[in-house]
Amino acid sequence: NLNVKHIPYALQPKQQLNGLRENTACRFVNQEEEDKCDKYQGGGTGIITFDRTTSHTIEHGSDTRNLGRWNWITIRGKKERCTTIISCYKPRKGQVIYDNHTSSLIIDESEQHKSTEQIWMEDIKALIKDKQNRHHNIIIAGDFNEDLNNPRSSINILFNDLELKEAQINQYKKGPATHNRGRQCIDGIFISNHMNISQGGYINFAWSPGDHRGIWIDIDIKQILRKELDHKIPILSRRATSKIPSVKKKFLSLVEDAIK
């Protein structure tokens, strides 16, 4: 076990990482702006799944207006239990993305008097209601650009009507500022009222990849799949052990090469 070349082929770093890639699904959407010349385009959403969550995904979709406002997946467990997970972004008036959405919206006469924000609210409500009518659990996470600590915010009023609750504020009562230049909790995760989290938290700005705090929650997998996942320790974790620095360095080098 101290010599990397003697580790069975299936357990070697490259093969283990190949398995990780095969069981991972990444889905990202954004508004495509044809007149943009650079690689950066603001807004957009994404969902990444791993292992059995990937294999239990039966359906996926995105913003039907092609504005990159959200994307979603549906996971199915035992006894046809389904959970739809939505990643969304709601720009606020005055932001470039908001203006881009306004100029790109293709609306009929019945919508001409509506604001871009009102159309966002109506469209997301229609998506959630469609899934709820099929008896799906709902988890929706995103940047809502509203103070989620305020029960009278338009997002809280909408989601309350849809029988959704902000998971962490419901459990811990108040969320911190989630943008490094703001004072409000504008990012959150809403879940169906009958669902519960075991724990959750807000990641320090210094450890988050962007200018927003990362947010996380733990939900018992049985609430989603009606069964527990296999949490056996991978064989590689037990075999690839050594106290010899040169061996550890060699093994980590192989792992880094496989990732590249």
Side-chain angles (χ1 to χ4, degrees), residues 27-36 40-47 59-74 84-167 169-170 175 177-179 181-193 211-212 215:
R27 297 181 174 91
F28 298 94
V29 299
N30 67 288
Q31 179 186 8
E32 296 185 3
E33 303 171 62
E34 295 180 357
D35 59 337
K36 276 272 191 175
Y40 175 77
Q41 293 189 20
T45 64
I47 298 175
E59 192 178 14
H60 62 88
S62 60
D63 177 9
T64 56
R65 295 183 191 262
N66 297 319
L67 298 178
R69 298 175 298 174
W70 52 74
N71 66 319
W72 56 270
I73 63 170
T74 296
T84 291
I85 301 172
I86 306 167
S87 172
C88 70
Y89 173 58
K90 176 180 169 292
R92 59 175 172 77
K93 192 171 184 178
Q95 292 180 322
V96 173
I97 304 302
Y98 184 97
D99 294 338
N100 289 345
H101 288 182
T102 301
S103 62
S104 300
L105 275 171
I106 301 175
I107 59 179
D108 57 34
E109 291 185 6
S110 64
E111 294 179 315
Q112 288 181 355
H113 66 285
K114 298 176 181 177
S115 68
T116 299
E117 180 178 8
Q118 186 177 354
I119 292 174
W120 191 100
M121 303 283 275
E122 291 180 357
D123 287 354
I124 197 69
K125 179 178 180 179
L127 172 62
I128 293 172
K129 288 293 291 184
D130 176 64
K131 301 304 179 184
Q132 289 178 328
N133 289 339
R134 302 188 214 177
H135 309 291
H136 290 199
N137 296 326
I138 300 293
I139 301 173
I140 176 168
D143 173 3
F144 298 99
N145 276 304
E146 289 190 34
D147 184 6
L148 301 184
N149 287 316
N150 180 4
R152 293 191 295 273
S153 68
S154 60
I155 282 294
N156 277 322
I157 292 173
L158 172 66
F159 287 165
N160 183 61
D161 290 342
L162 291 170
E163 299 184 343
L164 303 176
K165 61 187 178 184
E166 208 294 320
I169 292 176
N170 178 75
T178 55
H179 190 278
R181 295 188 299 277
R183 297 182 178 181
Q184 297 178 337
C185 180
I186 62 174
D187 303 87
I189 305 172
F190 289 80
I191 61 177
S192 297
N193 280 344
D211 52 6
H212 289 249
I215 304 175

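Source: prediction; values computed, not measured.
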side-chain hydrogen bond (donor to acceptor under 3.5 Å, both in side chains) involving S62 - partner list, sequence neighbours excluded: none
All side chain to side chain contact (heavy atoms under 4.5 Å, CB included) counterparts of A167, not counting sequence neighbours: I191, I197, I217
Nearest atoms (heavy-atom pairs only) where G46 meets S87: O-OG, 3.3 Å
For E166, all residues meeting salt bridge (charged side-chain N to carboxylate O under 4.0 Å, His left out), sequence neighbours excluded: none
Closest contact, heavy atoms only, G182 versus A177: O-CB, 3.5 Å
Contacts of type side-chain hydrogen bond (donor to acceptor under 3.5 Å, both in side chains), residue D147, not counting sequence neighbours: none
Residues forming a side chain to side chain contact (heavy atoms under 4.5 Å, CB included) with Q118, sequence neighbours excluded: K114, S115, E122
Residue pair L158 / I124, side-chain heavy-atom distance below 4.5 Å: yes
Close side-chain approach of W70 to I140, heavy-atom, < 4.5 Å: no
Smallest separation among heavy atoms of A141 and I189, with atom names: CB-CG1, 3.8 Å
Pairing residues for H136 by the ring-ring contact (aromatic ring centres under 6.0 Å, His included) criterion, not counting sequence neighbours: none
Nearest-0.5 Å distance, CG of residue D123 to CZ of residue R65: 4.0 Å
Donor-acceptor pair, side chain of S104 and main chain of H101, under 3.5 angstrom: no
Verdict with supporting geometry, E146 and R92, salt bridge (Lys or Arg N to Asp or Glu O under 4.0 Å): CA-CA 8 Å; E146 289 190 34; R92 59 175 172 77; over 6 Å; no
For W72, ring-ring contact (aromatic ring centres under 6.0 Å, His included) partners two or more places apart: none
With sequence neighbours excluded, residues passing side chain to side chain contact (heavy atoms under 4.5 Å, CB included) with N156: S153, F190
Which residues share a salt bridge (charged side-chain N to carboxylate O under 4.0 Å, His left out) with D63, sequence neighbours left out: R69
Residues in side chain to side chain contact (heavy atoms under 4.5 Å, CB included) contact with K93, at least two apart in sequence or another chain: Y98
Residues that R181 engages under salt bridge (charged side-chain N to carboxylate O under 4.0 Å, His left out), provided they are two or more places apart: D211
Approximate separation, where rounding is to 0.5 Å, of H60 NE2 and T84 OG1: 13.0 Å
From CA spacing to verdict: side chain to side chain contact (heavy atoms under 4.5 Å, CB included), H179, Q184: CA-CA 8 Å; H179 190 278; Q184 297 178 337; over 6 Å; no
Among L148, I155, N145, N149, the one residue meeting side chain to side chain contact (heavy atoms under 4.5 Å, CB included) with I186: N145
Among N71, I139, I128, side chain to side chain contact (heavy atoms under 4.5 Å, CB included) partner for I86: I128
Heavy-atom check, side chain of M121 versus side chain of I157, under 4.5 Å: no
Straight-line distance of N193 CG to N170 CG, nearest 0.5 Å: 8.0 Å
Distance (rounded to the nearest 0.5 Å) between L105 CG and I119 CD1: 5.0 Å
Least distance between heavy atoms, E117 atom then S154 atom: OE2-OG, 3.7 Å
Least distance between heavy atoms, I169 atom then C185 atom: CD1-SG, 4.4 Å
Atom pair OG1 (T116) and NZ (K90), whose distance is rounded to the nearest 0.5 Å: 11.0 Å
Side-chain touch W120/F144, heavy atoms, less than 4.5 angstrom: yes
Listed partners of D130 passing side-chain hydrogen bond (donor to acceptor under 3.5 Å, both in side chains), at least two apart: R134
